[in-house]
Amino acid sequence: MSNSSSDKTYRVALVAHDAQKSRLVDWVGENQDVFAKPAIFSTGTTGGLLLTSYPDLDVTPLKSGPLGGDQQIGALICEEKLDALIFFTDPLSPMPHDVDVKALTRLATVYDLPSACSPSTANLIVRAMRDASL
């Protein structure tokens, strides 16, 4: 969150594993005041659910995660076109594309991108976005 100007339009990636998709959609609903302004990039299914639930949000659905959506998010990270990555992971289910998840978290670390894998850490990112807009 390098720019704290109230005029800044944040660019946030929102991703969720299957068992966490409804949790992410509900969490976004709880934070609609923050997500009303940012450009949101999301993997396919998650993006579709967000658009269905909140049609006024600026959501760009990419490909489904296993079909390349994770790599598209990774490219946005490498091109420094994101301000945050929020990826609700499911730590209790086997992940067939676990390497993609690791790649995203590694890229977020390499590019010093604020990232969260759970609601509690995502709340910290949202708090920073909310504070920056005051």
Rounded to the nearest 0.5 Å, what's the gap from CG on Asp70 to CG on Leu62? Could you check? 10.0 Å

If you take all heavy atoms of [X] and [Y], which pair is closest and at what distance?
{"X": "Thr105", "Y": "Lys102", "value": "OG1-O, 3.0 Å"}
{"X": "Pro38", "Y": "Thr9", "value": "CA-CG2, 4.3 Å"}
{"X": "Pro61", "Y": "Gly47", "value": "CB-CA, 4.2 Å"}
{"X": "Thr89", "Y": "His17", "value": "CA-ND1, 3.2 Å"}
{"X": "Phe88", "Y": "Ala122", "value": "CE1-CB, 3.9 Å"}
{"X": "Ala108", "Y": "Ile77", "value": "N-CG2, 4.2 Å"}

Donor-acceptor pair, distance only, cut-off 3.5 Å: does the side chain of [X] make one with the backbone of [Y]?
{"X": "Lys63", "Y": "Gly68", "result": "no"}
{"X": "Asn31", "Y": "Trp27", "result": "yes"}
{"X": "Tyr54", "Y": "Phe35", "result": "no"}
{"X": "Thr43", "Y": "Gly65", "result": "no"}
{"X": "Ser53", "Y": "Leu50", "result": "no"}
{"X": "Tyr10", "Y": "Ala39", "result": "no"}
{"X": "Asp83", "Y": "Arg11", "result": "yes"}
{"X": "Thr46", "Y": "Ser42", "result": "no"}

Residues Asp56, Gln32; criterion side chain to side chain contact (heavy atoms under 4.5 Å, CB included); working and verdict: CA-CA 10 Å; Asp56 293 335; Gln32 279 191 61; over 6 Å; no

Quick check: do [X] and [Y] have side-chain heavy atoms less than 4.5 Å from each other?
{"X": "Val59", "Y": "Leu51", "value": "yes"}
{"X": "Leu57", "Y": "Val28", "value": "yes"}
{"X": "Ile40", "Y": "Thr60", "value": "no"}
{"X": "Leu92", "Y": "Asp90", "value": "yes"}
{"X": "Leu76", "Y": "Phe41", "value": "yes"}

Using the rule that Ile, Leu, Val, Met, Phe, Trp and Tyr join whenever any side-chain heavy atoms are under 4.5 Å apart, tell me whether Val15 and Val110 fall into a single cluster.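 Yes, same cluster.
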
Ile73 vs Leu82, test: side chain to side chain contact (heavy atoms under 4.5 Å, CB included). Steps then yes/no. CA-CA 9 Å; Ile73 299 285; Leu82 291 177; 4.2 Å; yes

